[in-house]
Each structure stands twice: as structure tokens, then as C-alpha cells.
Amino acid sequence: SKAWFTERLKLQKQMETEPLFGEYKGKNVLVVQAEAFQEFVIGQSIDGEEITPNLNKLIGQSVYFPNFYHQTAQGRTSDADFLTSCSMHPLPTGSAFIRFAGNEFDCVPSTLNGEGYDTTVHHSYDGSFWNRNNMYHNMKYNQFYSIKDYTIDERVGWSLGDQSFFRQTIEQLKERQKSPFYALSITLSSHHPFKLPYSNQELDVGDLKGTIMGDYLQATRYVDSAVGVLIEELKDAGLWENTVLMFYGDHDNSIYDWKLYEQFFDHPVADIDKDRIIRKVPFFIHLPNDEHAGIVNKAVGQIDTTPTIMHLLGIPLDKKYLMGISMLSEAPKSVVFRNGGFTDGKVYFVPNSDGIAADGTCYSVDSGIPTDTEACIAGAESAKQDLKVSDQVIENNLIARFHKEDKE
Ligand code: GP9
């Protein structure tokens, strides 16, 4: 497995020679992980009204990745956190947060603590959910702000509404008076089954009213309004121009009724998109002064988030055991899904449910139609290998061993 990481490092190191490397050294980083927030709502309107006006506006001011995929499995929100913060694949069963919280990983907070950052994580729910108390302690966050640190002055869904959650999170960051900071804030209001209080339903969803899709659209609009609040709060606090803001969705919305999507899009959904729509979540990087804004169409995934942060902050990845590659790097990469599927932006492989590599459908991304299976064989084999390496490393706590060897 260590040999696998040596090879990966060669690709990861390419970023060190690329223009954005270290351009945001020493800046604050605020990462928003949004509950069940999918890409398909971005840029869409219903009854003539934009569903996500704030995020649509943010696209023009950010580096935006419309082909960013979630790679989560049974561990859902905790898998998204593990993928993005620790750059490892989720487990085939269960959650790494629960099963291996005592292991060593090279997650963002442990690396940034060593670079003079104050590292915090914010989520207004019970701290024991997904074993976060233990895992966050092990990831070396300086502080975990959980439900007990928030005033429930707005109730939406499972807990505090995201609008108040963001206001209070910015307050917490201000009170710490530490800079630079790295903060991860995990939203919750758009959790399944997406039922919002009547007063928070801002859209007219027409015929979708009373369906779970209608409720989902209302929930995504609510989150979008919360992002609007967050941006205002950052500006008021004088943080907007010295903070890198990232926003991504954690996993899909668990709506698999294609009739509802067809009703929403008002056209049939192609087979390739039945997999893609479920896996795509948006990824935004807002850089100070709207720098480098533009749309990057390459296929990237959650596992690439930590290397991307390190790219911007100029932190080399030597002796760090991460599986992703910076999204901002030109180094070639593909996105591997837990079921053995993958995409490199040219082909998109959906394995049969038995998960036998190369036994599945190989789509051409451009045409959206199945192509020669040959075109996916090498990628499917490599995906299988990546998942095997990740499982071995996690199940045997190998990063602890690698660190020890590196010190000898
Ligand atoms: C709860 C939240 C939900 O704290 O993170 O997790 P999920 O049910 O979406 O995995």
C-alpha cells in the first residue's frame, strides 16, 4: 500500500509547480458541507423563479465545479466528512467515523494545526451522532461546537435552522479572535424528509406541491437563503476578503423516483444521468476578491478536497497519506465510487450490482450512450485497486505505521 501512495505523490506533487500553489497562504478557510445538497437544482427555476439565486450568483464569483461527485456509502454524512477532510474512501460497510475513530489519518485539522491555524468544526446536533466527539478529537480539531454551543432560536427540521446556525457560527469564530482559522461547518436543515415549517417555504413548486421533490426544492431554497445570510455575515465581520470559502453537498437526497425528476426537468432522464444526477453535488471555491472565477468542467470528487485546500495554502503533501489529487491541478485523475464505478470525464462506468469490475455499462460522457466496454476496463481495474488500498489502510491502521517508518 505504501508503494501506491508513493506513486500517488508523484501526481499530487505536480501542483507545487502550478500557478495557484500557495497563492492563498495564510488565508482563513471556511468550508460548508451542506446536507443532501445536489447539483441538479443549481441554475434551475420553478414557476419562473430561481431555486438557488444566491448560489447562482456565487458561481460568477467563484471557481465552480459542476462535475464534482460525492463518493459516499453507508456512512452518509460521516463518509462525506471523512472523504473531504481525510482524503480516504469510505468503507464498504458502516462508517469509518464509528468503526475506526481511533486510527491515524492525515486529516486537514492535524495538518493545519502545524501551520499555525486555529481549527474548529461546527454542527448544531448531538455531538455523539456519527461518533463525532471521538472522531473530531482524533482528527485534532481545537474545538467542536455541537448543539450545546448553539441557542435554538430558529427551529427547522432536526434542529437549529441553517440561517441561525451560520450567524452563530460566525459569532463563534469572531469570539475566538484567532487567525488564520480553518473551520468546517456542517448544515442540517435540508435533511430528509425535507419538511420545512410553512413560514420557511419560499417557493411556489406548482404541481410538485405535496411531493417529496417539492419539499426538497423548498429545502434547497432555504439553504440557499442561509448561504446569502452567511455571505452577509462574513462581509459584516470583515472576513469576506481574507477567507477562502468552499461549499459542497455531502450526499444525495435519497429520492430515486425518476418520475419526479422528469416532472421537475420536464423531459425524460437518460440512463447515464440516473446515476450521475444522484452522484453530483456542487462544489464552489470562492477566493478573495472573486479571483480566478470560472467554471471548471473536469470530473472531480470529494476525496480531492484536502489536496485542493493544501494547493491553495501552499502546503506540500510529502509524508501525508492522502488518496486525492488537487482539483485545481492539471494532473490526470478519475473519480472512483464505492460500488466500483468511476468516471474520468470521458467515460462513465456503472458496474453491475454484483460489483465485478468491467462487468457493467461503460458510457461515453459526451454522447451519454453506452460505448465499447473495453474503454472502461483499465479504469475499472484501477478503481478496484484504489478501493482495496483504502480499505487495507483503514482496517489495519497503516497510516500510523507509515508515519512511524517516516520518522525512523
Ligand atoms: C446529523 C447529520 C445527518 O448530525 O449529520 O447525517 P445523515 O443522516 O445525513 O448521514
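Side chains are part of it too, since the values below use all heavy atoms of this structure and drop only hydrogens, waters and symmetry mates. Residue numbers count from 1 along this sequence. The shown structure was predicted, so the numbers you read here are calculated from the model rather than taken from an experiment. Counting starts at 1 for both ligands and their atoms, in listed order.
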Checklist entry - Parallel, tilted or perpendicular: which fits the ring planes of Tyr321 and Phe5, with parallel below 30° and perpendicular above 60°? => result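 Perpendicular.
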Checklist entry - Parallel under 30°, tilted from 30 to 60°, perpendicular over 60°: which one fits the rings of Tyr125 and Phe129? => result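 If you compare the ring of Tyr125 with that of Phe129, the planes turn out perpendicular.
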Enumerate the atoms of ligand 1 whose separation from the nearest heavy atom of [X] is less than 4.0 angstrom.
X      : result
Leu188 : 1 (C), 2 (C)
Glu35  : 3 (C), 9 (O)
Thr77  : 3 (C), 5 (O), 6 (O), 7 (P), 9 (O), 10 (O)
Tyr125 : 1 (C), 4 (O)
His251 : 9 (O)
His123 : 1 (C), 2 (C), 4 (O), 5 (O)

Checklist entry - Are any side-chain N or O atoms of Asn339 and backbone N or O atoms of Gly341, one a donor and one an acceptor, separated by less than 3.5 Å? => result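 Judged by distance alone, yes, a pair lies under 3.5 Å.
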Next on the checklist: Side chains of Asn67 and Lys280 only: does a donor on one sit below 3.5 Å from an acceptor on the other?
Outcome noted: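 Indeed, the side chains of Asn67 and Lys280 share at least one donor-acceptor pair under 3.5 Å.
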Checklist entry - Can the positive tip of Arg132 be found less than 6.0 Å from the middle of the six-membered ring of Phe144, inside 45° of the ring normal? => result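 No; the conditions do not both hold, so Arg132 does not lie above the ring face of Phe144.
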Checklist entry - Under the criterion ring-ring contact (aromatic ring centres under 6.0 Å, His included), which of Phe264, Tyr222, Phe194 is the partner of Tyr216? => result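 Of the listed residues Phe264, Tyr222, Phe194, the ring-ring contact (aromatic ring centres under 6.0 Å, His included) partner of Tyr216 is Phe194.
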Consider every N or O of [X] and every N or O of ligand 1, then say whether any pair is closer than 3.5 Å.
X      : answer
Trp158 : no
Trp130 : yes
Arg132 : yes
Arg76  : no

Checklist entry - Rounded to the nearest 0.5 Å, what separation is found between the OH atom of Tyr348 and the SG atom of Cys376? => result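 Going from OH on Tyr348 over to SG on Cys376, the span is 11.0 Å.
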Item to check | Protein contact of atom 8 (O) of ligand 1 - nearest heavy atom, named by residue and atom, plus distance | outcome: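 Residue, atom and distance for the closest contact: His191 NE2, 2.8 Å.
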Item to check | Residue portion contacting ligand 1 (non-hydrogen atoms closer than 4.0 Å) for Asp126 | outcome: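 Answer for Asp126: neither.
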Next on the checklist: Is there a salt bridge (charged side-chain N to carboxylate O under 4.0 Å, His left out) between Arg76 and Asp81? Walk through the geometry before answering.
Outcome noted: CA-CA 9 Å; Arg76 303 292 279 168; Asp81 197 338; over 6 Å; no
Item to check | Intermediate values then yes/no, salt bridge (charged side-chain N to carboxylate O under 4.0 Å, His left out), Glu262 and Lys259 | outcome: CA-CA 5 Å; Glu262 297 186 339; Lys259 286 200 198 71; over 6 Å; no
Next on the checklist: Below 4.0 Å from ligand 1: does a non-hydrogen atom of His192 turn up there or not?
Outcome noted: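 No.
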